[in-house]
Amino acid sequence: MGLTLGQKLIKSHLLSGGMTPGSEIGLRIDQTLTQDATGTMAYLEFEAMGVPRVKTELSVAYIDHNTLQTGFENADDHRFIASCAKKRGLKFSRPGNGICHQVHLERFGKPGRTLIGSDSHTPTGGGLGMLAIGAGGLDVAVAMGGGAYYITMPEIILVNLTGKLRGGVSAKDVILKVLEILSVKGGVGKIIEYGGEGVKTLSVPERATITNMGAELGATASVFPSDEITRRFLKAQGRAEDWIELLPDEDAEYARVININLSELVPLAAMPHMPDNVKPVADIGEIKIDQVCIGSCTNSSLMDMLKVAKILRGEKVHPDVSLSIAPGSMQVLNMLAQNGALSDMISAGARILESACGPCIGMGQSPNSGAVSLRTFNRNFEGRSGTADAGVYLVSPETAAVSALTGELTDPASCGLDLAVEPPDAFVINDNLIEEPASEADADSVEIKYGPNIKPFPVSEKLPDDLAATAILKVGDNITTDHIMPAGAKILPYRSNIPYLSRFCFKQCDESFAERCKSEGGGFIIGGVNYGQGSSREHAALVPLYLGVKAVIAKSFARIHAANLINAGIIPLTFADADDYDRIDQGDMLRLEDIRGKIEQGLPLTLVNAAKGGEYPLMGDFSQRQREIILAGGLLNYTKNQK
Ligand code: MIC
Ligand code: SF4
């Protein structure tokens with residue numbers, strides 16, 4: 001039997017385990033990336049590991065999330081990360097150079113290589129034929145130190161594309177269609193592979209829009225073939241030598257095939273407050289809009305921006321709409337400036353933002369109360385924009401730009417637009433904002449610069465024989481890491497200060513959570529389906545750890561968050577019978593008896609509800625390695641024990 005693309009990428013990097021879906025495999029990692037909001041913690045962890053230089057082919061530290069610098073905190077974090085990069089052998093992408101995933105695609109991604117990044121949208125690199133996976137900061141630190149990265153061997157789903165997108169229909173509509181079909185949990189434990197004749201009609205940045213939002217499916221990764229179009233993109237980036245051809249075998253077998261005819265797609269929108277709440281724009285009806293934001297790692301490429309500029313040329317932004325545009329990288333911004341498209345945007349009344357994440361993570365541009373905000377981003381979780389009662393619709397750049405002019409949600413396919421833009425033969429290459437590391441010989445003299453906001457991270461104790469605690473919080477389905485550990489302009493500057501961050505933990509779900517944890521010494525969290533979906537932020541595990549959370553018992557978990565919990569020394573457990581969730585009330589006293597012995601021996605686990613007298617069987621489907629990490633009280637303790 002032939003191999004799929006995903007299987008080929010895995011096979012060529014397999015360090016341990018067999019390629020049977022569901023079993024744990026260890027992968028050799030060629031490249032890593034970090035961004036600043038997760039990076040400070042990742043480099044603190046890397047420092048704690050005591051490895052002098054990174055051992056990967058390439059590691060890049062980006063600054064793109066915390067660029068508002070409303071106080072000294074962000075700038076101190078940037079300086080800390082820059083000094084680590086210089087000393088430890090990483091490239092450093094300075095603030096202003098752009099969003100990590102966009103820059104990585106342009107300057108560093110290579111077909112056939114593995115990449116892990118401390119950001120859930122790292123799978124963007126799959127647009128170039130990479131096996132690119134989002135991970136927690138500690139996993140990235142371990143990979144930088146030359147260690148394997150462990151995942152559950154995924155099933156491979158093929159999305160078979162035929163036809164060609166019609167005018168006004170965009171790559172964003174393709175991934176919104178996949179989200180409609182699969183939902184925000186449909187990709188868990190899967191690699192989504194794109195194939196079929198339709199692939200040839202999509203440019204690399206369009207493919208990257210699609211793989212980027214594979215994160216919203218919960219998928220481990222998404223991947224496109226590396227073909228002639230990939231070669232042309234790399235050549236235009238001055239990197240023709242990085243190209244290799246990478247195609248699935250003709251007789252490859254897939255766990256499932258989803259057929260999408262691109263010619264039949266229409267402009268879509270994900271309505272508040274979930275990325276899979278998808279409807280055709282034309283069916284949503286007339287909605288007056290207050291804000292439009294164009295940018296983010298999903299839709300900020302040169303091609304996207306050129307289409308937006310074409311729509312805005314000679315027009316005026318509707319007086320009731322605030323339009324902001326953040327081009328994804330210095331390269332994109334520079335090229336828009338050179339060819340005049342930037343002037344078209346400015347003249348129409350767009351507010352041009354720095355090339356960074358910005359409004360996507362609530363760093364500025366929070367909309368007005370009760371606003372309708374159209375965004376070309378990837379997440380529309382409640383409150384993420386910084387305005388609790390705003391409704392965010394996720395749309396394509398075309399829908400966003402057309403609607404910014406009309407003042408209401410407008411279907412761009414109905415406007416008879418001619419938006420054909422040709423990809424450039426040569427991108428403007430300027431790496432002035434990328435700093436090279438010190439040579440090995442000079443590294444000793446580089447000092448790591450800490451700031452007063454950079455506090456030590458919490459370290460877990462080894463697992464005790466028994467665990468007993470109250471159900472300190474009970475939450476429902478699809479709880480996101482934005483619920484657990486919110487971000488936004490007021491909180492994000494404290495990503496390197498866990499004690500301060502802890503005040504905001506679960507605030508959106510339960511104002512008194514942090515206080516109760518403090519007075520009761522922590523507890524167990526009871527969760528529903530897909531607990532911890534969304535970002536890779538390990539803060540959503542480290543902060544609960546700091547607050548004394550010992551275990552999370554849920555109906556199911558999102559992949560990266562489950563791994564982050566284990567790495568932090570918190571046990572993620574699933575109900576064997578989902579109905580037992582209903583038998584627990586917040587405040588019940590719960591016990592996990594002989595938990596240490598049972599995890600050690602891989603025996604079935606039971607949760608005792610002392611308050612109600614019930615016993616609920618649990619599933620702790622851990623690999624031997626995961627059991628050892630849990631027993632040691634987290635990955636750092638485990639790694640130290642191994643030395
Ligand atoms: C996000 O989009 O939620 C973030 C901010 O990029 C996160 C990382 C973080 O929380 O720092 C992600 O997607 O992993
Ligand atoms: Fe940045 Fe938004 Fe992309 Fe996260 S999703 S990396 S915040 S642009």
Side-chain angles (χ1 to χ4, degrees), residues 161-177 197-210 229 232-233 236 260-269 280-284 286 289 292-295 298-318 321 323 325 327-328 332-333 335-350 352 374-376 393-428:
L161 302 175
T162 50
K164 190 176 184 330
L165 293 173
R166 292 176 302 126
V169 189
S170 186
K172 180 65 156 278
D173 301 312
V174 179
I175 186 61
L176 289 176
K177 185 73 197 172
E197 281 301 299
V199 160
K200 295 193 188 125
T201 68
L202 298 170
S203 65
V204 166
E206 287 176 306
R207 295 173 182 187
T209 293
I210 294 170
I229 288 170
R232 257 184 271 146
F233 174 81
I260 295 182
N261 183 346
L262 298 174
S263 318
E264 287 171 6
L265 279 186
V266 294
L268 299 169
V281 170
D283 292 357
I284 295 176
E286 272 175 34
I289 55 176
V292 174
C293 299
I294 299 177
T298 314
N299 278 125
S300 61
S301 67
L302 179 70
M303 305 291 283
D304 280 341
M305 293 292 151
L306 289 176
K307 285 186 201 163
V308 168
K310 256 191 163 178
I311 294 171
L312 297 181
R313 183 174 304 152
E315 303 285 343
K316 181 179 170 214
V317 171
H318 190 278
V321 176
L323 167 66
I325 303 180
V332 175
L333 183 56
M335 290 182 75
L336 293 175
Q338 289 182 9
N339 80 4
L342 188 61
S343 172
D344 293 333
M345 294 171 168
I346 296 169
S347 304
I352 307 299
L374 298 195
R375 299 176 162 215
T376 65
Y393 291 70
L394 304 175
V395 295
S396 70
E398 291 88 328
T399 304
V402 167
S403 305
L405 299 177
T406 60
E408 45 191 58
L409 181 63
T410 306
D411 179 348
S414 68
C415 301
L417 302 164
D418 173 18
L419 291 177
V421 282
E422 279 304 306
D425 291 334
F427 288 93
V428 171

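Only heavy atoms go into these numbers, but all of them, side chains included; no hydrogens, no water, no symmetry mates.
Atom CG of Leu394 sits about 6.0 Å away from atom NZ of Lys172, to the nearest 0.5 Å. Atoms CD1 and OG1, from Ile294 and Thr376 in turn, are 6.0 Å apart once rounded to the nearest 0.5 Å. Distance check: Met335 CE to Leu342 CG gives 13.0 Å after rounding to the nearest 0.5 Å. With rounding to the nearest 0.5 angstrom, the CG atom of Leu161 is 6.5 Å from the CD1 atom of Ile210.
The closest side-chain heavy-atom distance from Leu417 to Glu398 is not below 4.5 Å. For the pair Leu306/Leu336, a side-chain contact is recorded, criterion being any heavy-atom separation below 4.5 Å from C-beta on. Within the 4.5 Å cutoff, the side chain of Met345 has heavy atoms near those of the Met305 side chain.
Between the Ser263 side chain and the Lys164 main chain, a donor and an acceptor come within less than 3.5 Å of each other. The backbone N or O of Val199 sits less than 3.5 Å from a side-chain atom of Arg207, completing a donor-acceptor pair. A donor-acceptor contact shorter than 3.5 Å is absent between the side chain of Thr399 and the backbone of Pro412. At distances below 3.5 Å, not a single donor-acceptor pair connects side-chain atoms of Ser347 with backbone N or O atoms of Asp344. Proximity of a side-chain donor or acceptor of Arg166 to a complementary backbone N or O of Glu264 within less than 3.5 Å is not detected.
Screening Leu268, Leu262, Thr209, Val169 against Val174 for a side-chain contact (heavy atoms from CB on, under 4.5 Å) leaves a single residue, Leu262. Each of Ile289, Val281, Leu374, Val292 was checked for a side-chain contact (heavy atoms from CB on, under 4.5 Å) with Tyr393, and the lone residue meeting it is Leu374.
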**Asked** Should Met303 and Glu206 be marked as a side-chain contact (heavy atoms from CB on, under 4.5 Å) after you check the CA-CA gap, both sets of side-chain angles, and the distance that decides it?
**Response** CA-CA 8 Å; Met303 305 291 283; Glu206 287 176 306; 6.0 Å; no
